[in-house]
Amino acid sequence: MQAIKFMALATSCLLALPICAQAGEKETIKYRENNMEIIGAHMNSIVAIIKEQVPHKEHLTTHASGLSAAAKMSSAAFKEKTSGGDTTAKDTIWSDSAKFDEAMQMMLASTAKLETAAASGDMPAVQAAVGDVGKSCKNCHDTFRNKK
């Protein structure tokens, strides 16, 4: 009788493995999306400050630092390949990982440059750096993201 209970428990665990794996994949995708939303939120806030749409110039360095910090997490967030799920990530992220790594390095360099410019208070340098960050975002999205 105990052997039957053990076999039933073992079978239940094995049958649950795909569900657990799927939940992990969903969480991985959600984590990536959250990180990208953080990047977008900081970028949108920076642009609003630059355009003087909001009176929070004193927040510029905080947003630039947050953007840079989130950018540093992006590469690691995409190390684990996901197969399916509700995502806009293209398979080329993993099939052409060298090109993806180059795009990530471009983002890291541009966000670091923005962080430095923001800390200096040099608004023309900040504006130029924002343009570079935008170019790196567009490059990556054009290459590695499916349209929504």
Side-chain angles (χ1 to χ4, degrees), residues 9-148:
L9 179 62
T11 302
S12 297
C13 289
L14 287 174
L15 291 174
L17 280 176
I19 295 168
C20 293
Q22 185 178 14
E25 188 166 277
K26 286 180 184 177
E27 293 302 331
T28 296
I29 292 168
K30 184 63 178 166
Y31 181 82
R32 291 177 191 151
E33 290 172 348
N34 289 340
N35 191 60
M36 291 297 134
E37 288 173 9
I38 290 166
I39 289 171
H42 281 301
M43 189 68 164
N44 290 335
S45 295
I46 290 167
V47 169
I49 292 167
I50 290 171
K51 290 183 175 182
E52 298 180 348
Q53 295 170 337
V54 294
H56 300 297
K57 191 173 178 182
E58 72 279 7
H59 297 168
L60 184 62
T61 55
T62 302
H63 284 297
S65 294
L67 176 60
S68 182
K72 290 174 186 168
M73 293 183 275
S74 295
S75 184
F78 284 93
K79 287 295 179 198
E80 183 181 331
K81 182 179 182 190
T82 51
S83 55
D86 186 20
T87 181
T88 57
K90 289 184 178 180
D91 285 338
T92 52
I93 290 170
W94 300 280
S95 64
D96 194 355
S97 60
K99 189 171 182 179
F100 183 72
D101 289 343
E102 285 178 29
M104 289 288 103
Q105 290 304 313
M106 183 178 168
M107 181 174 62
L108 290 173
S110 65
T111 56
K113 182 178 170 184
L114 174 58
E115 188 174 17
T116 300
S120 76
D122 180 353
M123 291 310 286
V126 169
Q127 290 172 334
V130 165
D132 290 343
V133 172
K135 287 175 190 172
S136 73
C137 292
K138 182 177 181 342
N139 172 57
C140 198
H141 287 184
D142 288 351
T143 308
F144 299 106
R145 181 180 178 198
N146 290 311
K147 303 285 184 212
K148 289 185 178 183

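- A salt bridge is absent between K30 and D86; no separation between the charged side-chain nitrogens and carboxylate oxygens falls under 4.0 Å.
- Nearest approach of A118 to T61, heavy atoms of both residues: O-CG2, 3.2 Å.
- Between H59 and H63, the ring planes lie perpendicular to each other; the angle is over 60°, past the 30° to 60° tilted range.
- The distance from atom CD1 of I50 to atom CG of L60, rounded to the nearest 0.5 Å, is 6.5 Å.
- Put simply, NZ on K99 and CG on D101 are 13.0 Å apart, with the number rounded to the nearest 0.5 Å.
- Taking a 6.0 Å sphere around CD of Q53, one finds it holds more than 12 heavy atoms contributed by other residues, nucleotides or ligands.
- For the atom pair R145 CZ and K138 NZ, the distance stands at 12.0 Å (nearest 0.5 Å).
- Applying the side-chain hydrogen bond (donor to acceptor under 3.5 Å, both in side chains) test to S65 and every residue at least two apart in sequence or in another chain returns E115.
- The backbone N or O of K135 sits nowhere less than 3.5 Å from a side-chain atom of N139 that would complete a donor-acceptor pair.
- Atom CD of E27 sits about 9.0 Å away from atom CG of N34, to the nearest 0.5 Å.
- Proximity of L108 to Q105: side-chain heavy atoms (C-beta onward) are separated by under 4.5 Å at one or more points.
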List the steps, then state whether side-chain contact (heavy atoms from CB on, under 4.5 Å) holds for V130 with M43. CA-CA 8 Å; V130 165; M43 189 68 164; 3.7 Å; yes
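- Side-chain atoms of S110 come within 3.5 Å of backbone atoms of M107 as a donor-acceptor pair (strictly under, hydrogens ignored).
- Contact detail for A117 and A129: the closest heavy-atom pair is CB-CB, 4.4 Å.
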Between I46 and V133, is the side-chain contact (heavy atoms from CB on, under 4.5 Å) condition met? List the steps. CA-CA 11 Å; I46 290 167; V133 172; over 6 Å; no
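- Evaluation of the ring-ring contact (aromatic ring centres under 6.0 Å, His included) test over residues 93-132, restricted to residues two or more places apart or in two chains, returns F78-F100, F100-F144.
- By the 4.5 Å heavy-atom criterion applied to side chains, K90 and S95 are not counted as neighbours.
- Panel note: side chain R32, backbone A77; a donor-acceptor pair is recorded below 3.5 Å.
- When all heavy atoms of D91 and T82 are compared, the closest pair comes out as OD1-O, 4.5 Å.
- For the atom pair CD (E80) and OG1 (T28), the distance works out to 4.0 Å, reported to the nearest 0.5 Å.
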Could you check S74 against M36 for side-chain contact (heavy atoms from CB on, under 4.5 Å), going step by step and ending with a plain yes or no? CA-CA 8 Å; S74 295; M36 291 297 134; 3.3 Å; yes
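- Minimum heavy-atom separation, I39 to A70: CG1-CB, 3.6 Å.
- Of all non-hydrogen atoms in L67 and H42, the two that sit nearest each other are N-CD2, 3.7 Å.
- You'll find the side chain of T111 stays beyond 4.5 Å of the side chain of K72, heavy atoms only.
- Between atom CE of residue M104 and atom OG of residue S136 there is a gap of 8.0 Å, rounded to the nearest 0.5 Å.
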